[in-house]
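Note sheet for the following structure.
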Protein chains: 2
Amino acid sequence: MSKSGRPREFKDTAVIDAAMELFWENGYEACSTEDLCKQTGLGRGSLYNAYGSKHELYQQALLRYHETGIQAQIEILNQQGPIKDRLRALLDWAIQEDFSNENRRGCLLINAAMERAQRDPAVERLFKRHVDLLEQALQQAIETGQLSGEISRTHQASDLAHLFLSNYYGLRVLNAAAQNRERAVQMAKATLEVLF
Amino acid sequence: MSKSGRPREFKDTAVIDAAMELFWENGYEACSTEDLCKQTGLGRGSLYNAYGSKHELYQQALLRYHETGIQAQIEILNQQGPIKDRLRALLDWAIQEDFSNENRRGCLLINAAMERAQRDPAVERLFKRHVDLLEQALQQAIETGQLSGEISRTHQASDLAHLFLSNYYGLRVLNAAAQNRERAVQMAKATLEVLF
DNA sequence: AAAAAATTGTAATGATTAGTACAAAATTAG
DNA sequence: CTAATTTTGTACTAATCATTACAATTTTTT
């Protein structure tokens, strides 16, 4: 039994995806609600009726980005095959993602944290959770690699995970701010050669 | 022979420093001109008479930050003593800087690039120059270390410089966005232990 | 002493913005 | 069919903001 009243003329997922794209390209403050209406195809009435506020829509877009992103990254780390190949695949995925669209810049969640973590506790919480989850997955993958002998036990897995993580975020921030894909590729190569 | 007319009641450097502090704490968009007047002590008339626009003041503040920052970093890399100690000192300096004031978050120039490089060619240019200068100084220091035997020649100096650089920016971005000083210290330690 | 030059504080301006009000439209329930 | 319910588009509101206008003030120049 569906709800009474006039039915919505849009798909929730499509609206959130469209909003996500716009927030990705412009950040939170630089997106006006009018821009959001244009991009999503909704009128103001529909947008506010459905989401209540620009901020609420932003949070939903960020949450979706986080969920699909962390899932993709963890899947890559849990693939079959040599651990080093998986770590390489993760770096390649990040570069692909960060340069996937010339209007986007880098990773939406990093951009959001840089713009808003200071002022927006929900953004801060989400970013920290994302980083923690990625760090855990990295450490686990590296530990597995050490047990199987694929990765040297010279260094603690937690140190290697820390190191990979800061490398990974440095890479992605430079992708967003300096937009130098060639350097990104060199950095990824150097990371793998030196660390493992 | 000084200029005629009523003399200014402020020191240019003090105003730029005050503005820099505010931009550091809040970013560009989130600083209103009224905030800037309060923080610098100038009235609107004086501020616009002296600097022309908020944007012009921002650029001057960023330029000063860049100049003092790149100088400090290069000085650390050119210190006396073992190269590894200098690299450690650079990481320690960054952590110190990023947590120097609880209202500041991370590095002003990185924050600026993340907020504005997309829209503001001057910011993009300045950030790229800063990164390039730091990368050059790193590579040179590492090459010197390899010649003196302090650093293994297993890897190319350019690879090690790339790696250190992405580590460094990852560290600083996480300092800004996640504000976890303990992890920053661990990351710095891991960087030195694994890379050199 | 008067004119010229520069700075200062205040009040106003025009643009932009997130959010609201509300009536028209489209659907379901009875 | 009628009432109830929900969505939709449009016009409006109230706040914020960067910038400008301008008169009063303080200095130098002649």
Side-chain angles (χ1 to χ4, degrees), chain A residues 1-16 18-62 112 115-116 118-123, chain B residues 1-16 18-62 112 115-116 118-123:
Chain A
M1 196 162 61
S2 60
K3 285 169 199 154
S4 88
R6 181 172 173 173
R8 292 193 173 174
E9 294 173 3
F10 57 88
K11 284 223 188 299
D12 190 55
T13 57
V15 170
I16 294 178
M20 188 178 89
E21 182 65 32
L22 204 64
F23 286 130
W24 200 343
E25 292 175 7
N26 301 326
Y28 178 74
E29 286 292 349
C31 283
S32 71
T33 52
E34 203 189 335
D35 294 335
L36 285 164
C37 288
K38 266 185 200 148
Q39 174 92 6
T40 60
L42 299 203
R44 284 179 127 58
S46 303
L47 194 143
Y48 275 89
N49 179 58
Y51 301 99
S53 70
K54 176 182 168 183
H55 186 251
E56 177 65 27
L57 181 55
Y58 183 64
Q59 291 199 177
Q60 291 204 33
L62 273 194
E115 181 184 356
R116 299 194 44 80
Q118 187 180 16
R119 286 175 257 285
D120 189 334
V123 171
Chain B
M1 195 164 59
S2 62
K3 286 168 200 154
S4 88
R6 180 171 174 174
R8 292 193 173 174
E9 293 173 3
F10 58 88
K11 285 223 188 301
D12 190 53
T13 57
V15 170
I16 294 177
M20 188 177 89
E21 182 65 31
L22 205 63
F23 285 129
W24 201 342
E25 293 176 7
N26 302 326
Y28 178 74
E29 287 292 349
C31 282
S32 71
T33 52
E34 202 189 337
D35 294 336
L36 285 164
C37 289
K38 267 186 198 147
Q39 174 93 6
T40 61
L42 299 202
R44 288 176 127 60
S46 304
L47 195 142
Y48 274 89
N49 179 58
Y51 301 97
S53 69
K54 176 182 168 183
H55 186 251
E56 177 65 28
L57 181 55
Y58 183 65
Q59 291 199 176
Q60 292 204 32
L62 273 194
E115 181 184 356
R116 298 194 45 79
Q118 186 182 16
R119 287 176 257 285
D120 188 334
V123 171

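We name chains A, B, ... by the order of the sequence lines, and we start the count at 1 in each one. Just so it is clear, the values below take in all heavy atoms, side chains as well, and ignore hydrogens, waters and symmetry mates. Only a predicted model underlies this, so the values are computations on that prediction, with no experimental measurement involved.
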Quick one: on DNA chain C, does B/P7 or A/S32 contact a more 5' nucleotide (nearest heavy atom)?
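Its nucleotide being nearer the 5' end, the pick is B/P7.
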Please tell me which of A/Y48 and B/A50 maps to the more 5' nucleotide of DNA chain C, matching each residue to the nucleotide holding its nearest heavy atom.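 Of the two residues, B/A50 wins.
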Please report, rounded to the nearest Å, how far the [atom2] atom of [N] is from the [atom1] atom of [X].
X     : N      : atom1 : atom2 : value
A/E34 : C/dT16 : CD    : C1'   : 10 Å
B/Y51 : C/dT8  : OH    : C1'   : 14 Å
A/K38 : D/dG9  : NZ    : P     : 15 Å
A/N26 : C/dT17 : CG    : P     : 12 Å

* Select base, sugar-phosphate, or nothing to describe what B/G5 touches, counting heavy atoms under 4.0 Å on all strands. =>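 Since a base atom lies under 4.0 Å of B/G5, the category is base.
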task: Under 4.0 Å between any heavy atoms, over every strand shown, what does B/C37 touch: base, sugar-phosphate, or nothing? Just pick one.
output: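 The residue B/C37 makes no contact with any strand.
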Under 4.0 angstrom between [X] side-chain N/O and [N] OP1 or OP2:
X     : N     : result
B/S4  : C/dA6 : no
A/R6  : D/dT8 : no
B/S46 : C/dG9 : yes

Starting at CZ of B/R116, measure out to OH of B/Y28 and round the result to the nearest 0.5 Å.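 Nearest 0.5 Å value for the CZ-OH distance: 5.0 Å.
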Check your understanding: Distance from B/Q39 atom CD to B/M20 atom CE, nearest 0.5 Å?
Key ->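 The CD atom of B/Q39 sits 11.0 Å away from the CE atom of B/M20.
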Practice task
Go through the side-chain N and O atoms of B/D35 and B/S32 and say whether any donor and acceptor fall under 3.5 Å apart.
Solution key: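 B/D35 vs B/S32: donor-acceptor pair found between side chains.
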Query - Distance-only donor-acceptor test (3.5 Å): side chain B/R44, base D/dT19 - result: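 Looking at the base of D/dT19, it does pair with a donor or acceptor on the side chain of B/R44 (distance under 3.5 Å).
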- Query: Quick check: does any side chain N or O of B/E115 sit under 3.5 Å from a backbone N or O of B/E29, one acting as donor and the other as acceptor?
  - Reply: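 The answer is yes, because a donor-acceptor pair under 3.5 Å joins these two groups.
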